[in-house]
Amino acid sequence: MNYIHDTIAHLKQTSPAQCEFYQAVEEVLESLEPILENSADYQKNAIIQRLVEPERQIMFRVPWVDDDGNIHVNKGYRIEFNSSLGPYKGGLRFHPSVNASIIKFLGFEQIFKNALTGLPIGGGKGGANFDPKGRSDSEIMRFCQSFINELYRHIGPTTDVPAGDIGVGAREIGYMFGQYKRLTGRYDGAFTGKSLLWGGSLARKEATGYGAVYFANYMLQDNDDSLKGKRCLVSGAGNVAIYAMEKLYQLEAKPITCSDSSGTLYHESGIDVALVKKLKEGARESLAVYLETHSDAKYIACADYPSDGHAVWRFVADAAFPCATQNELTEADARTLISNGCILVCEGANMPSTKEAVDVLLAAKIAYGPGKAANAGGVATSQLEMAQNASMQMWTFEEVDTKLQQIMKNIFDTASNTAAEFDQPGNLVLGANIAAFRRVADAMIEQGVV
Ligand code: NDP
Ligand code: 2IT
């Protein structure tokens, strides 16, 4: 459709050199063809032209002093992408690879993910090109305080509510909330992913990983199958990967891999999740240290990865859960998974599969759960945290977990029914994108040209 291609061409011209952002936009807009073709309303209201342009982009300097007295400067970002369904909501990422393209792709995905949850939350994302690796607690605290010295004026429980992402967990949220409270004098729900001691929600820490595994099980149940007894490949060893592995065991599946930024671990008898938690949540060590406890496991360093992809996807398994980062599953990886008999790919990470890999997975017609549907349990539970904060309540773990399961089931049903409505049964990429778009676009039309 010329109208979609023109929008993408214009975007590339006006927002140069943002390839991850183009990748996310192209995937969504291409799926929208069947709905845009028949809706003069969406065209007349310039919905897609407005959707791809963030409502507001904040970029700022983050100066901080390390333990030796040296001054460093990082780039801070918050992209407030779309507020048609509620306050901007989305995480903060601290990683050296962060740039405007990465934050915009994440913010764009977040609009649709949040819409799919059915909850009243708009889309946003932020972060900094700061590398937390090897930094002391005091350095992390000073960095977080400096980051908030600028960001505090843009956030609040009814305007913009940040949370965690890569490199940002409960420790960083604590330091940021402390500085926000000091500067504003307010004790409110301007962040989610908070500690359970002071306003966090039970099950938020577990929610993204658990939610992705619930989603995978719903996909399999639709084919009269289940996760029970399945051998699973997991990438990542952070928040999402750890709780995905924990839930896999609870559902009697077996995670046999995980990975970090230095390499991949393979353990035929099943990954020792308690040990990975200890290494990563506690000491923040490399996965290579796992071998000191389990000498029968194998560790493949990044230097030994195949030139066309990632070692983690080259093991034989029934299911794959990419839970680390974007574009970590290539076309060659997708082909290997399928030729090795893998029947399910469920994305805990945001946009972990390259465009070519997605095409291979869809063409093979295996169960494929795209990130914006499969990993929405994290942000959905963040909204449950906001609801608890606003009503000054604290729900039990079981209450939150039950709601999480209902939300994941609802997202699966919505994506699956929408795919069937547009004559592509099983294509959850198309189903999720169209269902989310309809909700956001209709709200934008009702709210006028803003
Ligand atoms: P963490 O920082 O807790 O963990 C990230 C893991 O992935 C770490 O093991 C890290 O390795 C590894 N990793 C990160 N970047 C790279 C890279 N460039 N190459 C190789 N390995 C890498 O982050 P999360 O678990 O929170 O996030 C993982 C993914 O899930 C991201 O895509 C995020 O956007 C997405 N997500 C997170 C949600 C959440 O609630 N936290 C919600 C929905 C999606 P190392 O240990 O060496 O640092
Ligand atoms: O990508 C994501 O959905 C997150 N990092 C979680 C966002 C949130 O606001 O909980």
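For the single chain, residues carry numbers from 1 onward in sequence order. Counting convention: from 1, in listed order, for ligands and their atoms alike.
- Residue R204 touches ligand 1 through its side chain alone, judged by heavy-atom distances below 4.0 Å.
- For an aromatic pair to be called close, the ring centres must be under 6.0 Å apart, and H154 with Y88 fails this.
- Closest to atom 4 (O) of ligand 1 among all protein heavy atoms lies G238 CA, 3.2 Å.
- Looking from atom 15 (N) of ligand 1 to the surrounding protein, the closest heavy atom is H95 NE2, 3.6 Å.
- The protein atom (non-hydrogen) at minimum distance from atom 16 (C) of ligand 1 is T325 CG2, 3.8 Å.
- At under 3.5 Å, not a single nitrogen or oxygen of N375, backbone or side chain, sits near a nitrogen or oxygen of ligand 1.
- For a threshold of 3.5 Å applied to N or O pairs, the pair formed by K125 and ligand 1 contains no separation below that value.
- Of all atoms in ligand 1, listed by their number and element, those nearer than 4.0 Å to a heavy atom of A349 are 29 (C), 30 (O), 32 (O), 35 (C).
- Sorted by first and then second residue, the salt bridge (charged side-chain N to carboxylate O under 4.0 Å, His left out) pairs with a member in residues 285-311 read D308-R314; sequence neighbours excluded.
- Screening Y175, F94, W64 for a ring pair (Phe, Tyr, Trp, His ring centres under 6.0 Å) with F147, the sole residue that qualifies is F94.
- Because its NZ or CZ atom is not both nearer than 6.0 Å to the ring centre of Y187 and within 45° of the ring axis, K181 does not count as a cation-pi partner of that residue.
- Of the options I242, D260, N239, the smallest heavy-atom separation from atom 3 (O) of ligand 1 is shown by N239.
- For atom 47 (O) of ligand 1, the closest non-hydrogen atom of the protein is S261 OG, 2.5 Å.
- N70 and D66 share a donor-acceptor pair across their side chains, judged by distance under 3.5 Å alone.
- Between the side chain of N239 and the backbone N or O of K205, at least one donor-acceptor pair lies under 3.5 Å.
- In E328, neither the side chain nor the backbone holds a heavy atom less than 4.0 Å from any atom of ligand 1.
- Under 4.0 angstrom from ligand 1, the non-hydrogen atoms of C323 all belong to its backbone.
- With Q179 contributing its side chain and S146 its backbone, the two residues share no donor-acceptor pair below 3.5 Å.
- Taking 4.0 Å as the cut-off between side-chain N and carboxylate O, R93 and D165 count as a salt-bridged pair.
- The shortest heavy-atom distance from R284 to ligand 1 is not under 4.0 Å.
- In this structure, Q110 contributes its side chain and G123 its backbone to no donor-acceptor pair below 3.5 Å.
- Among pairs with a residue in residues 52-64, those fulfilling salt bridge (charged side-chain N to carboxylate O under 4.0 Å, His left out) read R56-E80, at least two apart in sequence or across chains.
- If you number the atoms of ligand 1 from 1 as listed, the ones under 4.0 Å from a heavy atom of G348 come out as 30 (O), 35 (C), 36 (N), 44 (C).
- Residue contacts with ligand 1 for T208 involve side-chain atoms from C-beta outward but no N, CA, C or O (heavy atoms, distance under 4.0 Å).
- No donor-acceptor pair under 3.5 Å is formed between the side chain of Y214 and the backbone N or O of K247.
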Salt bridge (charged side-chain N to carboxylate O under 4.0 Å, His left out) assessment of E281 paired with R171: CA-CA 10 Å; E281 292 186 339; R171 173 181 63 166; over 6 Å; no
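- Within ligand 1, counting atoms from 1 as listed, the ones closer than 4.0 Å to a heavy atom of K133 are 45 (P), 47 (O), 48 (O).
- Between S262 and ligand 1 there is no heavy-atom distance shorter than 4.0 Å.
- A side-chain N or O of T330 and one of D333 form a donor-acceptor pair less than 3.5 Å apart.
- For ligand 1, the polar-atom distance check against A237 finds a nitrogen or oxygen pair separated by under 3.5 Å.
- For ligand 1, the atoms lying closer than 4.0 Å to a non-hydrogen atom of R93 are 31 (C), 32 (O), 33 (C), 34 (O).
- Shortest contact from atom 32 (O) of ligand 1 to any protein heavy atom: N350 N, 3.2 Å.
- Proximity annotation for atom 31 (C) of ligand 1: of P96, A324, G91, A324 comes nearest, heavy atoms only.
- Looking from atom 33 (C) of ligand 1 to the surrounding protein, the closest heavy atom is D165 OD1, 3.2 Å.
- Residue K280 touches ligand 1 through its side chain alone, judged by heavy-atom distances below 4.0 Å.
- Here salt bridge (charged side-chain N to carboxylate O under 4.0 Å, His left out) pairs that include residues 99-111, with residues two or more places apart or in two chains, are E109-K372.
- No donor-acceptor distance shorter than 3.5 angstrom exists from the side chain of E26 to the backbone of I8, with no hydrogens or angles considered.
- Atom 37 (C) of ligand 1 has V240 CG2, 3.5 Å as its closest protein atom, hydrogens excluded (heavy atom only).
- Atom CZ of R153 is surrounded by more than 12 heavy atoms from other residues, nucleotides or ligands within 6.0 Å.
- At least one donor-acceptor pair closer than 3.5 Å links the side chain of Q447 to the backbone N or O of S84.
- Residue Q326 places every heavy atom at 4.0 Å or more from ligand 1.
- Protein residues lining ligand 2, listed by chain and number: K89, G90, G91, Q110, K113, K125, A163, G164, D165, R204, N350, G378, V379, S382 [non-hydrogen atoms, distance under 4.0 Å].
- Between R142 and D67, at least one side-chain N (NZ, or NE/NH1/NH2) sits under 4.0 Å from a carboxylate O, which counts as a salt bridge.
- Looking at atom 23 (O) of ligand 1, its nearest protein heavy atom turns out to be I166 CA, 3.4 Å.
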